[in-house]
Amino acid sequence: MGTAERREAPEDGVTARSRTGQRREAPDRDIPSQSRDTEFAGPQQQPYYRPLWVEEAARRRRMPDPVRTAAVRAVLIISVTLIQAMVAFLCTMAGSWLAFPMVISSVASTVVATWSVVDIWVTRQVWNQRNGVVSVPSSTARALRRERRTARRQARAAERERERIRRRGGAGQLSHP
């Protein structure tokens, strides 16, 4: 018998349920708190616990695949560049012969990392223009959408025509009235 059942036992069911329904279980599920959040259902009076987390809709839409690929590539290149820079610094402090080649490779990697960040921006702009996010008269996406719409209309009209011909030429119908 649980604590809530022991508290409810000496009283009648209505007042006990109303008083028990006002208690709220704390996040660790053992310590009762004072606000109302638990509900009891059924004859066993088992509490309903709220879930650990609530799914929320994303605030922003997911990045397009090409942009995400460019971003992942940029993050990897930047991380390698930072590691190279750290190794170059440590080799310089230690007076190692590897310091000079590491500094040169770090400079080259910095150029590549800069280009990879610019690549994200360029890929995003190209994707936006091709897929209709940018809505300006010069956008190629508008023309592409118009072409697709025209092609869909023509396909639907052709399908309706085929259906009309099929219905008209049904079995048992004479060709001349």
Side-chain angles (χ1 to χ4, degrees), residues 23-39 41 46-167:
R23 280 194 316 272
R24 178 177 166 228
E25 295 296 322
D28 66 353
R29 312 264 190 248
D30 290 335
I31 305 168
S33 63
Q34 297 303 320
S35 66
R36 179 186 164 141
D37 192 43
T38 56
E39 298 174 10
Q46 293 180 349
Y48 167 76
Y49 296 113
R50 62 185 174 150
L52 292 176
W53 64 83
V54 178
E55 294 283 335
E56 292 182 6
R59 295 177 201 267
R60 294 187 333 177
R61 289 190 338 213
R62 183 174 155 170
M63 279 193 296
D65 285 338
V67 179
R68 191 170 341 107
T69 303
V72 168
R73 188 182 322 123
V75 166
L76 292 175
I77 291 172
I78 290 169
S79 63
V80 167
T81 301
L82 289 173
I83 291 170
Q84 280 183 331
M86 185 180 299
V87 170
F89 175 75
L90 293 175
C91 288
T92 302
M93 298 317 285
S96 172
W97 64 271
L98 197 58
F100 182 70
M102 287 305 294
V103 168
I104 297 299
S105 70
S106 294
V107 170
S109 290
T110 303
V111 171
V112 173
T114 304
W115 174 249
S116 68
V117 172
V118 171
D119 180 47
I120 296 172
W121 181 71
V122 169
T123 305
R124 184 174 158 268
Q125 295 299 326
V126 167
W127 192 90
N128 284 344
Q129 189 174 20
R130 285 184 183 162
N131 294 289
V133 176
V134 178
S135 182
V136 293
S138 63
S139 174
T140 58
R142 185 172 291 165
L144 289 172
R145 279 196 310 260
R146 192 177 301 128
E147 290 170 9
R148 277 183 260 162
R149 230 179 289 132
T150 305
R152 280 195 305 261
R153 278 191 204 122
Q154 290 173 350
R156 283 195 304 259
E159 183 61 33
R160 279 195 305 264
E161 184 66 25
R162 275 189 242 117
E163 195 61 37
R164 188 176 60 80
I165 290 171
R166 253 187 251 132
R167 276 185 304 208

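This structure is a prediction, so every number in the text was calculated from the model and none was measured.
The distance from atom CD of Glu55 to atom CH2 of Trp53, rounded to the nearest 0.5 Å, is 7.5 Å. Considering CD of Gln129 and CD of Gln125, their distance stands at 8.5 Å, rounded to 0.5 Å.
Nearest heavy atom pair, residue Ser105 against residue Gln84, reads O-OE1, 3.4 Å. Met102 approaches Val87 most closely through the heavy-atom pair CE-CG1, 3.6 Å.
In this structure, Arg148 places its CZ atom where more than 12 heavy-atom neighbours from other residues, nucleotides or ligands lie under 6.0 Å away.
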- Could you please spell out the steps behind the side chain to side chain contact (heavy atoms under 4.5 Å, CB included) verdict for Val103 and Phe100? CA-CA 5 Å; Val103 168; Phe100 182 70; 5.5 Å; no
- Worked verdict on Arg124 versus Met63 for side chain to side chain contact (heavy atoms under 4.5 Å, CB included): CA-CA 9 Å; Arg124 184 174 158 268; Met63 279 193 296; over 6 Å; no
Show which side-chain atoms of residues 74-82 pair as donor or acceptor with protein atoms under 3.5 Å away, not counting sequence neighbours.
unit_1: Ser79; atom_1: OG; unit_2: Val75; atom_2: O; d: 3.2
unit_1: Ser79; atom_1: OG; unit_2: Leu76; atom_2: O; d: 2.7
unit_1: Thr81; atom_1: OG1; unit_2: Ile77; atom_2: O; d: 2.8
unit_1: Thr81; atom_1: OG1; unit_2: Ser109; atom_2: O; d: 3.3

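Partners of Glu163 by side chain to side chain donor-acceptor pair (under 3.5 Å), not counting sequence neighbours, listed by chain and number: Arg166. Legend: residues meeting side chain to side chain donor-acceptor pair (under 3.5 Å) with Gln154, ordered by chain and number and at least two apart, are absent. Residues satisfying the side chain to side chain donor-acceptor pair (under 3.5 Å) criterion with Glu159, sequence neighbours excluded, are Arg162.
Applying the salt bridge (Lys or Arg N to Asp or Glu O under 4.0 Å) test to residues at least two apart or on different chains, the pairs with a partner in residues 107-122 are Arg73-Asp119. Applying the salt bridge (Lys or Arg N to Asp or Glu O under 4.0 Å) test to every pair with at least one member in residues 98-110, sequence neighbours left out, gives no pairs at all.
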